[in-house]
Amino acid sequence: MDFSFSEDQKMFQETLRDFLTAEHTSATIRELWDSETRRSSELWQQLCEIGIMGLLVPEEYDGMGMDEVDLVLCLEEMGTHAFAEPVIPTLVGTRLLADLADKSLAQEWLPKVAGGEAILAVQYPESPFVQDAHVANLLILQKDGELHALTPDQVKLTRQDSNDPSNCLFSVDWTPSADTLIAQGEEAAKLSAEAFDRGALAAAAQLLGCGQRMIHMACEYASERKQFGVFIGTFQAIKHMCSNAQVQVEYVRPAVYRAAFSLANNSVNRSVNVSMAKLAAGEAAHTASRVSMQVHGGQGYTWEQDLHLWMRRAWSLDLAWGSKQMHSQRIASIVIDQGVPTAPLGESWLA
Amino acid sequence: MDFSFSEDQKMFQETLRDFLTAEHTSATIRELWDSETRRSSELWQQLCEIGIMGLLVPEEYDGMGMDEVDLVLCLEEMGTHAFAEPVIPTLVGTRLLADLADKSLAQEWLPKVAGGEAILAVQYPESPFVQDAHVANLLILQKDGELHALTPDQVKLTRQDSNDPSNCLFSVDWTPSADTLIAQGEEAAKLSAEAFDRGALAAAAQLLGCGQRMIHMACEYASERKQFGVFIGTFQAIKHMCSNAQVQVEYVRPAVYRAAFSLANNSVNRSVNVSMAKLAAGEAAHTASRVSMQVHGGQGYTWEQDLHLWMRRAWSLDLAWGSKQMHSQRIASIVIDQGVPTAPLGESWLA
Amino acid sequence: MELRFTAEQEAFRKEAREWLEANVPKEPLPSMDTKEGFAAHREWEKTLEKGRWGMVCWPEELGGRGADLFDWLIFEEEAYRVGAPLRVNQNGIYLLGPTLMEYGTEEQKKRFLPPMASSDEVWAQAWSEPNAGSDMAAIRTTAFLDASGENYIVNGQKTWASRGCWADWGFGLFRTEEGSERHKGLSMMVFPNDLEGITISPIEQLDRETGFAEMFFDNVKVPVKYLLGEEGKGWNVAMATAGFERGLMLRSPARYQATARKLVDLYKEHEDTAPVSAREAVAKCWMKAEQYALNTYRTVSFLKAGGKIGSEASLNKIFWSELDIEMHELALSILDAVGEILPYAPAAKGLVGHWLDGYMFALAGPIYAGTNEIQRNVIAERLLGLPRK
Amino acid sequence: MELRFTAEQEAFRKEAREWLEANVPKEPLPSMDTKEGFAAHREWEKTLEKGRWGMVCWPEELGGRGADLFDWLIFEEEAYRVGAPLRVNQNGIYLLGPTLMEYGTEEQKKRFLPPMASSDEVWAQAWSEPNAGSDMAAIRTTAFLDASGENYIVNGQKTWASRGCWADWGFGLFRTEEGSERHKGLSMMVFPNDLEGITISPIEQLDRETGFAEMFFDNVKVPVKYLLGEEGKGWNVAMATAGFERGLMLRSPARYQATARKLVDLYKEHEDTAPVSAREAVAKCWMKAEQYALNTYRTVSFLKAGGKIGSEASLNKIFWSELDIEMHELALSILDAVGEILPYAPAAKGLVGHWLDGYMFALAGPIYAGTNEIQRNVIAERLLGLPRK
């Protein structure tokens, strides 16, 4: 029993932090918003050099063969920096391809993923849209319980602009065929469920970082802004709203880490653990948004102030990979209808 | 269109206020708690002398033939003073007897009610218990859609002690017979529905007074208690929690008065208007309880401090005549399933 | 107590409904915080004026109907019922108008009210300054009388001037007494926005529209006749205006009742997929909108009987701003994954996205017109009597 | 990271479960805040001691098992699983015990820990005073050294002394330096409750039980050997104890997980009549209990790796106290009209009423061990770095 991260895992996070702090400022985000694809191949290359995209790629495909526990602090760090490049679908697609019974797609694509030459998009039934379909080199799509893999020339995309300009959503028109089919029946169901949980965990981790950052922004602003002759951070109203948000965010942390462990070990409670992480993270980030906005006052309502970059991230991450309400209903159905799968207070409930 | 009360109505409230302030202190409540019946025939007599119990009794039965609008401020005042004598069941029973097709019971009992010689108890299906059955001279009970009237010798009572010692609850064992039957079929259904709404409005009005009083108690305490060298009422945390409670209570007021008007005029929206009043009053009183308790700190947690007398009233009034959850579900079913009975924003929606 | 509308009120409602149904533009106007939207909304004001519906409770000579506030509430209900455009001159008709009627000279009333009623002159408000937000008494923009005694010379900066980009006139609070502090020495003034020395710079808000502006004053000459109320007593005048803002007029109940009814419809459309908890939550929102309306009718009864409202306005401000957010959050949770799509995106089909727009706007509610934290202080100290220090 | 229990931990759990199932009284004990309940609970402590389950993470020579805090958490889970009695000596074993181990002299440890472990000596805590509640630094009860230098002479009044009515010993904070103010000049001391000059007066609480007492000190002689830590440095010692109280030990996660599971069962029993919104609310409570447990395991991992916790304890205090109220309110709303019936009423059938009892107790949660408002100040200033002034 040990909840702590290894030195390697923490160092990985620090490397990423240094990179994002230097290369991915709010000015970068605003520039990307004004760009054609809203995605940066330079940032993607650098990310791959750090090793993030090869992390989940098995060693036989030139990757590092590591797991979600190795990754989760990095995902959190991306949330801290409102980093929105298509990391989540690519990671989810990576494991999906690696886990296919037929290894040919993995052989073709995973070395490219590890090398930063391929981006993956993954559809899941809980959303009508596909994220980052416009920059994906391979799209893994679902229809009638089947999984299909398509190349960009095989799909027609319609852009669906989101409230979060960093969130690139598309409706995808496509036709399934025997050539595109990669899994069906039980295999497809299992892979699809795992993919969804993996995406949800990743989004939860980013929400955690994002929520914590918005609280810090609020505290910084409240320590600089004066009204009534004092820093507004001295007012209990401000203090207590920040504290309440912090309580929520703090309790998200272990839920996210536990969900990462559950995924890495395919625990029997994987789905409910992931849903808890995603729901709790979505709610905490929402509280942090509201509090930070209120602390910033009118300033927070301007385009110029950076807060909204993070608020929009929080909103779109909350809706991605199952919204709060979807996960809340999934938890209810597992906890109430199916009964908690472990014995009441006992056995390996933690994992 | 006029939301204001008449001078007479306000004067009635003031008379009651003076009486309760003088004769019904927290010491009175504590004494009653230690008494056999927890009810005071002296207080009841004085209340009847003021005229409260005859207010709803039609003039032909020696009453004043007035309505819920004339009454609602007095009910609120009772809540302010945590006055728990069996006013609500007696008022509800009064109108029920008056509205029966067969007038013989009204002729027999209503002059006694107006004269302070009879107390009524009324059962309603939303509760397994009957309030004040032990002091009632006539019990109006329900079974299988029929209404029955029984005298104390015809029932067997089992005391069910409540968290609120002022709330005297009983399970009632009884046998319906042709002799006890007073209404059935549509008549019974109509009278029973009206009785329930009338009881709920009365409880809502008492909750309103009770909630407001608990906020005032909190503010008084916060203006006297010092910590950190200042009155605790100077802390924003205390101020803001009291303000939030006050916002809630303030918006209950017109909902309660409107429900009284709807009952007095048997408006088409009577039931949903009553449910709104009861739900809003229950929630506001609950918030006021929680806030007042928190402001009082440890003091509020003692038997010695008076706050809990009002807290217990709020709890038991909330559960009486349909709980928050019951009324919330009734509102949902009327507003969502049946559709709002008035046109969208138009016609006489207010009444 | 009589909560049924009179026959006259019902007739008034009928007339309003018929006129509105015949005259409200079939297509929603573009946002009033864009140049073309502002013009379109000003056009709508002229249409209203022609029908004598601009401010029904204003005197007939101002294009009103000399009606009471109940009629105004009824008109608002009917306007929201048919989805009439919002009021581009709200700073004028709802806030400055009532203030002028209370504090203005006869000359000022004659000069300003008619073109306000017709929206020939649209008004911006200019309270806040960069360092005077919640703390409005920290105002530093000065307006000192010049040697001739004919003009105030205004210097400084205002911010969050709503409608500041397009409006013709502005009003605000200025420090007229040298060396004065806090609430003292302030005066309320109106001014044409095109005076020499005024520079207006739009503030780009969350939705990239510019409903607000910064206003810079560089030795701007404002004639003394534009002083509203007594010199040095501006704080009281401003508080009266703020009371209108927080309280009765800025946010008429029909606005929230209309949203609540749309929310019920939205829920019914999505009943199969909405979270089970949404059902009671929707009903509760509907109830709160109703409570807000009831309280407004109650307040109007009280005013009609000669009552005055003061700090009670703070209760309103908290109630409507929190309700607005609650309703929009709930709608977005019912819409689930499509809730983030902008109105013009194909999948939004022109409707979904308006809940998002509404939410973005609602988020500002607990901030403008005095943050809800300030309102809670007011309630605690003035209504509940908690000690200031 | 390894979130599976080790084979040793599983074996420990099995042993604990078997022992508890064999030894936990079949009938719940009377409340520990009644005379007979206190005695019965002390008896249970002796049973625990015999099985070496009193404090599993204490050293073997104190009747413990030299186990780590993970084992303690596992033991607590198993204890709540079978509904074992609560710990009457919690002020001793959870709060003073760890403090003694950190600040006590060897002699003090030897003198106090063994009878604490066996509950031959049950402890009361005596922090608060009538004018020092949230503001604990306002303590006025004095303990000045007498001329001989052998005794402190204690005068004053403590209040909210939990278990004060029946406990054998007490500990508290006293002002030992004349003229000192606030956090300075305070010292932590232990004392037998039957010393001459101590008068104990029960405080009747909401449920009419007397879990707390007032303690009056009238020239009470407390030997200097009962000073804990340095003279004048009592604040630091007390803060360490308060950290245990708010943080890890006072409220073990299993307590809330057990309540959450009961809540799920209650909901299932009443699924037909419960409000539709209760379903998601129940699931959310279950989730929060889980989050609290996870965070505790995380904290223990951190401590095991040599970390120290300070102000983080304030986060815990808010989380468990609010969760406890949330769960009990939800249970009462599911029970609806029968929710107000006392446990002994016939219709309560012995079960329903316990949710009410639990709720009454939970209401005190945001108040004791430092009000949640104080905790929010701590979080804001010490964890988030917001300015004090």
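Just so we're on the same page: letters track the sequence lines, and every chain starts at 1.
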Side chain, backbone, both or neither: which part of B/Phe235 has a heavy atom under 4.5 Å from chain C?
neither
Measure C/Leu384 against the heavy atoms of chain B and call it side chain, backbone, both or neither at under 4.5 Å.
both
Once you round to the nearest 0.5 Å, how far does CG of B/Leu350 lie from CZ of C/Phe70?
9.0 Å
To the nearest 0.5 angstrom, please state how far the CE atom of C/Met1 sits from the CD atom of B/Glu68.
12.0 Å
Other residues, nucleotides and ligands only: do more than 12 of their heavy atoms fall within 6.0 Å of CZ on C/Arg388?
no
Least distance between heavy atoms, C/Pro387 atom then B/Ser223 atom
CD-OG, 3.6 Å
How would you list, by chain and number, every residue that makes a salt bridge (charged side-chain N to carboxylate O under 4.0 Å, His left out) with B/Lys324, sequence neighbours excluded?
B/Asp318
Here the gap from B/Ser243 atom OG to C/Leu315 atom CG, rounded to the nearest 0.5 Å, amounts to 8.0 Å
Given heavy-atom pairs under 4.5 angstrom as the criterion, report whether the side chain, backbone, both or neither of B/Gln236 touches chain C.
side chain
Within the structure provided, determine whether C/Glu290 and B/Arg258 are in side-chain contact (heavy-atom separation under 4.5 Å).
yes
Working note: B/Lys239 + C/Arg376, criterion side-chain contact (heavy atoms from CB on, under 4.5 Å); need CA distance, chi angles, decisive distance, verdict.
CA-CA 7 Å; B/Lys239 282 185 180 163; C/Arg376 290 189 187 100; over 6 Å; no
Side chains of C/Lys389 and B/Val230: does their closest heavy-atom pair fall under 4.5 Å?
no
Worked check of side-chain hydrogen bond (donor to acceptor under 3.5 Å, both in side chains) between B/Asn265 and C/Arg4
CA-CA 10 Å; B/Asn265 296 280; C/Arg4 285 165 295 208; 3.3 Å; yes
Nearest 0.5 Å, please: how far is CZ in B/Phe3 from OG1 in C/Thr299?
9.5 Å
If I measure from the heavy atoms of chain C, does B/Ser267 come under 4.5 Å with its side chain, its backbone, both, or neither?
neither
What residue in C/Glu373, C/Arg298, C/Lys284, C/Gln291 has the most heavy-atom pairs under 4.5 Å with chain B?
C/Arg298
So which residue, C/Gln9, C/Glu271, C/Lys304, ends up with the most heavy-atom pairs under 4.5 Å with chain B?
C/Gln9
Can you list the steps and then say if C/Glu2 with B/Met1 is a side-chain contact (heavy atoms from CB on, under 4.5 Å)?
CA-CA 5 Å; C/Glu2 173 52 77; B/Met1 173 61 58; over 6 Å; no
Return the CH2 to CD1 distance between C/Trp286 and B/Ile334, rounded to the nearest 0.5 Å.
8.5 Å
Find out whether B/Val335 and C/Tyr267 are in side-chain contact, i.e. whether some heavy atom of one side chain is under 4.5 Å from a heavy atom of the other.
no
With chain C, which of B/Ile215, B/Leu279, B/Asn273 has the greatest number of heavy-atom pairs at distances under 4.5 Å?
B/Leu279
Looking at B/Tyr251 versus C/Phe319, is the centre-to-centre ring distance below 6.0 Å?
yes
Do the non-hydrogen side-chain atoms of B/Gln246 and C/Ser314 ever get within less than 4.5 Å of each other?
no
Over all atoms of both residues, closest heavy-atom pair of B/Ala255 and C/Leu294
CA-CD1, 3.8 Å
Report the residues that fulfil salt bridge (charged side-chain N to carboxylate O under 4.0 Å, His left out) with C/Glu280, sequence neighbours left out, ordered by chain and then residue number.
none
In terms of heavy-atom pairs under 4.5 Å with chain B, which of C/Asn295, C/Ile379, C/Thr6, C/Leu383 leads?
C/Asn295
Under the side-chain contact (heavy atoms from CB on, under 4.5 Å) criterion, do B/Glu250 and C/Glu312 qualify, and how do the steps go?
CA-CA 9 Å; B/Glu250 197 64 32; C/Glu312 293 82 3; 5.7 Å; no
Considering only heavy atoms, which portion of B/Glu283 lies under 4.5 Å from any heavy atom of chain C: side chain, backbone, both, or neither?
side chain
Hey, which of C/Met287, C/Lys14, C/Lys268 has the most heavy atom pairs under 4.5 Å with chain B?
C/Met287
Could you state the interatomic distance from OG1 (B/Thr234) to CG (C/Leu386), rounded to the nearest 0.5 Å?
9.0 Å
Pair count under 4.5 Å, heavy atoms only, with chain C: among B/Ile238, B/Asp337, B/Val252, highest is B/Asp337
